Number of protein chains: 2
Amino acid sequence: MPLKEQLPLFLFESCCITLLLNLAKLCLFLSGMYEVFFKKINEVIHLTADEEAIFKNYLKPKKLRKKQFILQEGDVCKYSIFVEKGLLRSYSVNEKGNDQVVQFALEGWWIADLYSFITGEPSRYNIDALEDCELLLINNDGLKEVRRQIPKFLEFSFLQMQNAYIALERRWSHMVTLSTEERYNKLLDKYPDIVQRVPQHMIASYLGLTPETLSRAKKQMTLPK
Amino acid sequence: MPLKEQLPLFLFESCCITLLLNLAKLCLFLSGMYEVFFKKINEVIHLTADEEAIFKNYLKPKKLRKKQFILQEGDVCKYSIFVEKGLLRSYSVNEKGNDQVVQFALEGWWIADLYSFITGEPSRYNIDALEDCELLLINNDGLKEVRRQIPKFLEFSFLQMQNAYIALERRWSHMVTLSTEERYNKLLDKYPDIVQRVPQHMIASYLGLTPETLSRAKKQMTLPK
DNA sequence: CGACACCATTGATATTTATCAACGGTATTT
DNA sequence: AAATACCGTTGATAAATATCAATGGTGTCG
């Protein structure tokens with residue numbers, strides 16, 4: 001019994017159109033969803049279409065609205081998170097109840113509590129969305145499987161980790177050698193996006209300062225020519 | 001014309017004995033020289049004797065006396081350094097001429113200025129020996145070659161880099177969340193060796209403090225029960 | 001529209017840490 | 001053995017930053 005027989009024609013047509021529209025939307029969603037991801041990887045290694053397909057099996061797309069959490073303190077960090085679109089931030093809460101920003105993650109960046117992710121221990125960090133986000137999640141088994149099936153990706157992982165280490169080391173050296181103002185300027189130079197898209201008190205926390213101190217430092221920088 | 005004919009017998013015997021002694025010393029030197037190195041690697045992956053032999057082709061043993069440099073500011077960091085024995089320290093010198101300790105490396109640890117090592121840019125760090133050391137050096141091409149010939153070693157490199165990243169992240173979080181005294185105690189807990197073998201002003205610098213501040217903090221810790 | 005949350009700024013004050021200087025002890029070098 | 005370098009401690013003071021409190025602006029939500 002064909003569907004057509006059970007419905008008035010105009011309803012059937014309406015259904016078809018809706019269906020097609022949704023299918024189109026889905027296609028767009030799925031193709032767009034991985035765009036930045038594979039672009040980033042292909043800057044370092046080259047994946048064939050087959051390999052990309054393998055990868056997609058282990059990737060879990062997720063949309064996250066502003067202010068929502070993707071990881072909360074006490075939970076185990078089950079996923080390594082890739083930001084296709086939007087802006088995440090990880091932070092801890094100290095004994096006085098203040099947020100302590102650890103990291104920001106823009107489009108094209110990865111973020112996780114690596115320690116919790118590797119060991120399975122509960123995380124001491126929170127990760128939430130500062131903007132509406134489109135994310136790709138992959139768990140540790142997934143990553144291992146991809147590294148097994150696509151050995152090139154192990155190479156990528158190594159290089160990525162190496163770069164992350166160097167960047168953190170550099171951030172450390174800036175923290176201990178540069179003045180407050182120099183640190184802010186470095187950030188402004190390197191990540192103008194972040195400074196524009198993130199409330200200033202979070203920038204302050206990222207730089208290891210109170211909001212008041214950063215505010216005063218900025219004032220000092222404009223006044224004396 | 002045999003050597004024996006040209007020398008009095010007692011001199012010939014003396015030569016033989018010296019030669020044998022030196023050979024024995026050389027063997028001991030060579031076997032001992034790689035002991036910690038392969039022990040460390042085999043904790044993570046298993047290398048066959050053949051693979052160890054391949055590795056040795058690219059390793060350059062070097063002894064370094066206390067106070068000698070293995071890397072100086074302005075030089076390119078050509079080697080990744082493994083400490084078989086002894087204790088190294090990397091540091092930078094700030095504009096006031098003070099040392100700023102970045103890292104210590106005990107037996108079984110690796111040390112380098114990774115940024116300079118990867119990019120070939122001149123280093124901003126110095127690395128010197130705080131004790132007489134036995135080191136194994138390997139350059140970037142050597143590492144790449146070993147990773148190519150022994151794919152397991154790429155896995156090792158990745159895991160090692162991941163651990164280094166996690167450790168640095170942890171050190172960061174301790175730096176920003178813990179008090180001076182808590183930071184010192186953490187170090188005491190985790191690396192009692194370092195605290196005993198390194199002058200206190202270097203510990204202070206490692207913790208981001210002046211020697212005076214650390215001295216006073218220690219005093220505070222003993223007085224009030 | 002009004003209530004409310006969020007945020008940057010500013011002022012006054014407290015706390016922490018650095019800086020400068022001096023001293024005494026210990027190890028190293030000559 | 002004497003001279004010297006190195007090191008940890010202590011005191012006095014200065015500088016940087018945090019803390020506490022208040023204000024005004026801006027945007028959001030009912």
Side-chain angles (χ1 to χ4, degrees), chain A residues 65-69 87 89 91-101 104 126 128-132 174-185 187-188 194-224, chain B residues 65-69 87 89 91-101 104 126 128-132 174-185 187-188 194-224:
Chain A
R65 284 217 184 284
K66 188 171 173 172
K67 298 201 182 187
Q68 282 185 318
F69 288 98
L87 176 50
R89 138 254 213 182
Y91 67 99
S92 60
V93 180
N94 65 20
E95 65 283 353
K96 286 174 211 125
N98 294 324
D99 290 359
Q100 182 73 52
V101 174
F104 298 109
N126 303 281
D128 66 0
L130 301 183
E131 301 174 356
D132 291 351
H174 288 167
M175 181 64 112
V176 293
T177 60
L178 299 184
S179 71
T180 293
E181 285 144 34
E182 287 169 323
R183 269 183 288 161
Y184 182 72
N185 283 328
L187 186 65
L188 212 58
I194 289 182
V195 180
Q196 277 160 22
R197 287 158 67 178
V198 167
Q200 187 171 297
H201 69 274
M202 292 187 192
I203 303 285
S205 170
Y206 178 82
L207 294 174
L209 302 168
T210 58
E212 293 95 331
T213 302
L214 179 58
S215 173
R216 283 186 256 258
K218 283 178 71 175
K219 197 179 172 188
Q220 286 301 320
M221 289 167 58
T222 57
L223 292 185
Chain B
R65 286 215 183 284
K66 188 170 174 172
K67 298 202 181 186
Q68 283 186 318
F69 287 98
L87 175 51
R89 138 254 212 182
Y91 67 99
S92 61
V93 180
N94 65 18
E95 65 283 352
K96 286 173 211 125
N98 295 324
D99 290 358
Q100 183 74 50
V101 174
F104 298 109
N126 303 282
D128 65 0
L130 301 184
E131 302 173 357
D132 290 352
H174 288 166
M175 180 65 113
V176 294
T177 60
L178 299 184
S179 71
T180 292
E181 286 144 34
E182 287 169 322
R183 267 184 287 163
Y184 181 72
N185 283 328
L187 187 65
L188 213 56
I194 289 181
V195 179
Q196 277 160 21
R197 287 158 66 178
V198 166
Q200 187 171 297
H201 69 274
M202 292 188 192
I203 303 285
S205 171
Y206 178 81
L207 294 173
L209 302 168
T210 58
E212 294 95 331
T213 301
L214 179 57
S215 173
R216 284 187 254 260
K218 283 178 70 176
K219 196 178 170 186
Q220 286 300 320
M221 290 168 57
T222 57
L223 294 184

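Proteins get letters first, then strands, A, B, ... in listed order; numbering begins at 1 in each. Note that the structure is predicted; figures quoted are calculated from it, not measured. Quick note: numbers below take in every heavy atom, side chains included, and nothing from hydrogens, waters or symmetry partners.
Between A/T213 and D/dT17 there is no side-chain polar atom (N or O) within less than 4.0 angstrom of OP1 or OP2. Residue A/T210 places at least one side-chain N or O under 4.0 Å from the OP1 or OP2 atom of D/dA18. Within the structure, every side-chain polar atom (N or O) of B/K219 is placed at least 4.0 Å from both OP1 and OP2 of D/dT9. Between B/K96 and the phosphate of C/dA18, there is no side-chain N or O to OP1/OP2 separation shorter than 4.0 Å. One finds a side-chain N or O of A/Q200 lying less than 4.0 angstrom from the OP1 or OP2 phosphate oxygen of C/dT9.
Atom-to-atom, CG of A/N94 to C1' of D/dA18 comes out at 12 Å; the value is rounded to the nearest Å. If you take CG of A/D128 and P of C/dC6, they are 13 Å apart, rounded to a whole angstrom. Nucleotide C/dC6 holds its C1' atom 13 Å from the CG atom of A/D99, rounded to whole Å. Rounded to a whole Å, the CG atom of A/L209 is 18 Å from the P atom of C/dT16. Separating the CE atom of B/M175 from the C1' atom of C/dT17 is a distance of 13 Å, rounded to the nearest angstrom. Spacing between atom CD of A/E95 and atom P of D/dT19 amounts to 10 Å, rounded to whole angstrom units. The NZ-P distance, from B/K67 to C/dT29, rounds to 7 Å in whole Å. Computed from coordinates, the B/L207 CG to C/dT16 P distance equals 18 Å when rounded to whole Å.
If you check distances only, the side chain of A/R216 does reach the base of C/dG11 with a donor-acceptor pair under 3.5 Å. At a cut-off of 3.5 angstrom, counting only N and O atoms as typed in the model, there is a donor on one side and an acceptor on the other between the side-chain of A/E212 and the base of D/dC20.
Considering NZ of A/K218 and CD of A/Q200, their distance stands at 3.5 Å, rounded to 0.5 Å. To the nearest 0.5 angstrom, A/H201 atom NE2 is 10.0 Å from A/N98 atom CG. In this structure, CG on A/L207 lies 8.5 Å from OH on A/Y184, to the nearest 0.5 angstrom. Atom CD of B/E181 and atom CZ of B/R216 lie 13.0 Å apart (nearest 0.5 Å).
Between the A/D132 side chain and the A/K66 main chain, a donor and an acceptor come within less than 3.5 Å of each other.
Proximity note for A/H201 (side chain, C-beta onward) versus D/dG8, C/dC7, D/dT19: the nearest is C/dC7.
Residue B/P199 is classed as a sugar-phosphate contact, given heavy-atom separations below 4.0 Å to backbone atoms only. Nucleic acid contact class of B/L214 (heavy atoms, under 4.0 Å, all strands): none.
Between B/K66 and B/T180, it is B/T180 whose nearest contact on DNA chain C lies nearer the 5' terminus.
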